[in-house]
K.L.:
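This is the structure, below, for whatever I ask next.
Note that the coordinates shown come from a computational prediction; the quantities given were computed from them, not determined experimentally.
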2 protein chains.
Amino acid sequence: MEPRYAAPLGTPVLREAAGIRLAGEAGAALRATQAKAMASDAELWRALLGGAPLSDAEAGALEALARTHTVPTGQGVLSRSAAADTLVALRSGEVALGFRTADGTFRTERIVRGPAWLDLSSAWTGDTHVMDAQALGPAQVVELPRAALAARLAVHPGLAQRVIEGLAREVQALAVNTHELMHKDAPARLAQWLHQRCEPVDDTGNQAVVRLHERKRDVASQLAITPETLSRLMRSFTRQGVIEVSGYLVRVLDTVALERLAQA
Amino acid sequence: MEPRYAAPLGTPVLREAAGIRLAGEAGAALRATQAKAMASDAELWRALLGGAPLSDAEAGALEALARTHTVPTGQGVLSRSAAADTLVALRSGEVALGFRTADGTFRTERIVRGPAWLDLSSAWTGDTHVMDAQALGPAQVVELPRAALAARLAVHPGLAQRVIEGLAREVQALAVNTHELMHKDAPARLAQWLHQRCEPVDDTGNQAVVRLHERKRDVASQLAITPETLSRLMRSFTRQGVIEVSGYLVRVLDTVALERLAQA
DNA sequence: CGCAACATTGAGGGCCCTCAAGAGGTGTGG
DNA sequence: CCACACCTCTTGAGGGCCCTCAATGTTGCG
């Protein structure tokens, strides 16, 4: 069979969200995601809080506070109108972060695949969440009550340090993002986005591969461009001989040129 | 003799800093900035770390670590090429945060007036600073060594909590900023910017005043537009009867209309 | 096959940038 | 004192980038 389009992950997303059953290759790809074993607790905390493994005491403290629940496909995970009194993380699954507009549609700004934080910051400021979030598939969500956690941080300073580092990383990432939105045009942003998702092929180095795990329209959303513009840019890069696109697989033929495109 | 443009930034600001008088209303608005006295230590920490006053022990711990030094006008404060091993705050003065370009010019992205953090996040991640920074006038800069501070946080959990809250606020602000850059056009961004700097006049409420503490080109920088566009937008708002501009003083005639302009 | 969703392609237009010129203001040197 | 240099802001003309709208092609599904 061999369809030209490799694993169109985009299609199932909406259908899944609409409660429509999945079949075929798309479903297989998505199911593969689900099959990925839920991260063990230790792995979860390491992925969320970074580097070195936590001490047993620290891990135990988190376990005691953590409340895990499952969010069905299409359901809301965070709401801007709800007060944030817990830190929210995604253990497994995919969640779209963005904004629910007045007319009920959802404008995706970023897609998160577990394990990762969904909202590490809002609870500390006493405000509501900054973004809405919607499960793209069955999602395991972990919540840590802020008040109780704060009390435990006093006992386990190592945890406080982890939280600080996590927030600091988030600040850095957002600062870079802001800079790029302010000063880079669409081609540069796309080149940058592709470049930082390159998976090297065992080759000596100038070639690579980027696998798109989301619909192209969602990629466009993250880059603050329209799907049409994304399509045109892909074609433009292809004409320049920098990439080759087949469906959801992008072959990077010249990583150096790609990096140069990302500069301006 | 050094030429007047030795420091490439902010002529009115730098002139003011050099003790040169500005005439007219513009000068009056800008001069108000300089009059602000240096914050006391207690005020400094409260401004940086938020709400409730710190305990004596906490304040003492910070004092013991803090290293204050003065940066002369035009000098660099942070550098993207330098490893960040301290948290950096501005006690008093004005500093431009942005990027030094290859050709030596400085692209301002944000202007900070003390007391405020200049870089609360970089030191925790072990990377270099995310932005360059340059003093617009004589600036008192406070640095806290990260390693030593981390050790003290274990003893004073309250401080760790403050740092977490500070970082969380920064994340929230950046997230809002990113959202606005992605989804709002230039008029909306300007309206938003003006609206959140409104100083109410004792009137019943629909009128207000915005004092520009920086050159209009720096305001434009913060909004990611050109000075020309800013000028045209100001005129456009004026024609709509929403604001009245005279020099560095903006009178807001209709805050409701301004808020509406900020929506789209 | 008809239908639905996504991606692609083209035509047209709006927003905002670039370039250029001019006014107003302020120090500097003759 | 006055011409001059230099900076900032403003205004206009022109153009490029990217969006909007519409049509078409592909794939998967009933």
Side-chain angles (χ1 to χ4, degrees), chain A residues 1-18 20-30 181-190 212 214-221 223-236 238-239 245-250 264, chain B residues 1-16 18-27 30 181-190 212 214-221 223-236 238-239 245-250 264:
Chain A
M1 47 173 196
E2 178 87 50
R4 239 185 82 238
Y5 281 9
L9 283 190
T11 307
V13 173
L14 277 194
R15 290 194 182 146
E16 191 83 10
I20 299 169
R21 214 169 42 75
L22 281 180
E25 190 168 9
L30 187 57
L181 279 174
M182 289 180 77
H183 297 304
K184 287 187 174 178
D185 61 8
R189 293 205 300 279
L190 173 58
L212 307 184
E214 55 232 324
R215 294 178 300 177
K216 287 180 180 172
R217 67 175 44 183
D218 291 321
V219 174
S221 271
L223 295 168
I225 59 179
T226 60
E228 293 94 327
T229 298
L230 176 62
S231 183
R232 280 184 262 265
L233 290 177
M234 290 284 210
R235 176 134 332 263
S236 160
T238 301
R239 271 195 300 265
V245 183
S246 59
Y248 290 90
L249 184 71
V250 179
Chain B
M1 197 57 225
E2 67 165 349
R4 262 181 59 248
Y5 44 89
L9 251 182
T11 304
V13 176
L14 290 183
R15 276 186 196 150
E16 193 76 9
I20 299 167
R21 293 237 337 270
L22 281 178
E25 194 166 6
L30 286 176
L181 279 173
M182 289 180 77
H183 297 304
K184 287 186 175 178
D185 61 8
R189 293 205 300 279
L190 172 58
L212 306 184
E214 56 230 328
R215 294 177 301 177
K216 287 180 180 171
R217 69 173 42 186
D218 292 321
V219 174
S221 271
L223 296 169
I225 59 180
T226 59
E228 293 94 327
T229 298
L230 177 62
S231 182
R232 280 184 262 265
L233 289 177
M234 289 284 210
R235 175 131 335 261
S236 160
T238 300
R239 270 196 300 266
V245 182
S246 57
Y248 289 93
L249 185 71
V250 178

K.L.:
Shortest non-hydrogen contact from Ile225(B) to Ala186(B)?
P.N.:
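Nearest heavy atoms, Ile225(B) then Ala186(B): CG2-CB, 3.8 Å.
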K.L.:
With sequence neighbours left out, what residues match Thr238(A) under side chain to side chain donor-acceptor pair (under 3.5 Å)?
P.N.:
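Side chain to side chain donor-acceptor pair (under 3.5 Å) list for Thr238(A), sorted by chain: empty.
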K.L.:
On a heavy-atom basis, which atom in Met182(B) and which in Ala224(A) lie closest, and how many Å separate them?
P.N.:
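Residues Met182(B) and Ala224(A), closest heavy atoms: CE-CB, 3.9 Å.
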K.L.:
Pick out which of Arg235(A), Glu228(A), Met234(A) makes a side chain to side chain contact (heavy atoms under 4.5 Å, CB included) with Arg232(A).
P.N.:
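Checked Arg235(A), Glu228(A), Met234(A) against Arg232(A); only one passes side chain to side chain contact (heavy atoms under 4.5 Å, CB included): Glu228(A).
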K.L.:
So, using side-chain contact (heavy atoms from CB on, under 4.5 Å) as the criterion, who are the partners of Arg217(B) when residues are at least two apart?
P.N.:
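For Arg217(B) the side-chain contact (heavy atoms from CB on, under 4.5 Å) partners, ignoring immediate neighbours, are Arg215(B), Pro227(B).
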K.L.:
Where the side chain of Arg235(B) is concerned, which of dC16(C), dC18(D), dT10(D) is the nearest nucleotide?
P.N.:
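Side chain of Arg235(B) sits closest to dT10(D).
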K.L.:
Holding to side chain to side chain donor-acceptor pair (under 3.5 Å), I want the full list of residues that pass it with Lys216(B), two or more places apart in sequence or in another chain.
P.N.:
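Testing Lys216(B) for side chain to side chain donor-acceptor pair (under 3.5 Å), a comparison that skips the adjacent residues, returns none.
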K.L.:
In whole angstroms, how far is the P atom of dC18(D) from the CZ atom of Arg189(A)?
P.N.:
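About 7 Å, once rounded to whole Å.
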K.L.:
Without decimals, in angstroms, what is the distance between Arg217(A) CZ and dA5(C) C1'?
P.N.:
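Distance check: Arg217(A) CZ to dA5(C) C1' gives 8 Å.
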K.L.:
Over how many whole Å does the gap from Leu233(B) atom CG to dC9(D) atom C1' extend?
P.N.:
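Taking CG of Leu233(B) and C1' of dC9(D), I get 14 Å after rounding.
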K.L.:
Rounded to the nearest angstrom, tell me the gap between atom CZ in Arg239(B) and atom C1' in dT11(D).
P.N.:
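Going from CZ in Arg239(B) over to C1' in dT11(D) covers 11 Å.
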K.L.:
I'd like to check Arg189(B) versus Leu181(B) (side-chain heavy atoms, cut-off strictly below 4.5 Å). Are they in contact?
P.N.:
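Sidechains of Leu181(B) and Arg189(B): in contact.
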K.L.:
Could you pull out the protein-nucleic contacts involving nucleotides 21-23 of chain C (nitrogen or oxygen on both sides, under 3.5 Å)?
P.N.:
none

K.L.:
Identify which nucleotide among dC19(D), dT9(C), dT11(D) has an atom closest to any side-chain atom of Ser231(A), counting heavy atoms from C-beta outward.
P.N.:
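Looking only at heavy atoms from C-beta outward on Ser231(A), the closest nucleotide is dT9(C).
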K.L.:
Report the distance from atom NE2 of His183(A) to atom P of dC16(C), rounded to the nearest whole Å.
P.N.:
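These atoms are roughly 17 Å apart.
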K.L.:
State, to 0.1 Å, how close Leu230(B) and Ala220(B) come at their nearest heavy-atom pair, and which atoms those are.
P.N.:
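Taking every non-hydrogen atom into account, CD2-N, 4.0 Å.
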K.L.:
Ignoring backbone atoms, establish whether Tyr248(B) has a side-chain N or O less than 4.0 Å from OP1 or OP2 of dT8(D).
P.N.:
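Checking dT8(D) against Tyr248(B), no side-chain N or O comes under 4.0 Å of OP1 or OP2.
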K.L.:
Whole-Å distance between dC19(D) C1' and Met182(B) CE?
P.N.:
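It is 15 Å, rounded to the nearest whole Å.
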K.L.:
State which residues pass side chain to side chain donor-acceptor pair (under 3.5 Å) with Thr229(B); sequence neighbours excluded, sorted by chain then number.
P.N.:
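So Thr229(B) forms a side chain to side chain donor-acceptor pair (under 3.5 Å) with Thr226(B).
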K.L.:
Using a heavy-atom cut-off of under 4.0 Å over every strand shown, decide if Ala220(A) touches base, sugar-phosphate, or nothing.
P.N.:
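The answer is nothing, as Ala220(A) stays clear of every strand by at least 4.0 Å.
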K.L.:
What is the nucleic acid contact for Leu230(B), judged by heavy atoms within less than 4.0 Å: base, sugar-phosphate only, or nothing?
P.N.:
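Nothing, no nucleic acid heavy atom in range.
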K.L.:
Got a list of protein N/O to nucleotides 21-24 of chain D N/O distances below 3.5 Å?
P.N.:
unit_1  : atom_1 : unit_2    : atom_2 : d
dC21(D) : N4     : Glu228(A) : OE2    : 3.0

K.L.:
Which atom names give the shortest non-hydrogen contact between Pro187(B) and Leu233(B), and what distance separates them?
P.N.:
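Shortest heavy-atom separation between Pro187(B) and Leu233(B) comes out as CG-CD2, 3.7 Å.
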K.L.:
State which of dC18(D), dT8(C), dC19(D) makes the closest approach to the side chain of Ala186(A).
P.N.:
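Within the option list, the nearest is dC18(D).
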K.L.:
Can you tell me the distance, in whole Å, between the CZ atom of Arg215(A) and the P atom of dA4(C)?
P.N.:
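That distance rounds to 17 Å.
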K.L.:
Closest approach to the side chain of Thr229(A), judged atom by atom: which nucleotide of dC19(D), dT8(C), dC9(D) is it?
P.N.:
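Nearest listed nucleotide: dC19(D).
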K.L.:
Hey, is the side chain of Thr226(A) poking within less than 4.0 Å of OP1 or OP2 on dC19(D), counting only N and O atoms?
P.N.:
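True: Thr226(A) side-chain N/O within range (under 4.0 Å) of dC19(D) OP1/OP2.
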K.L.:
Could you state the atom-to-atom distance from CG of Leu249(A) to P of dA7(C) in whole Å?
P.N.:
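It is 15 Å, rounded to the nearest whole Å.
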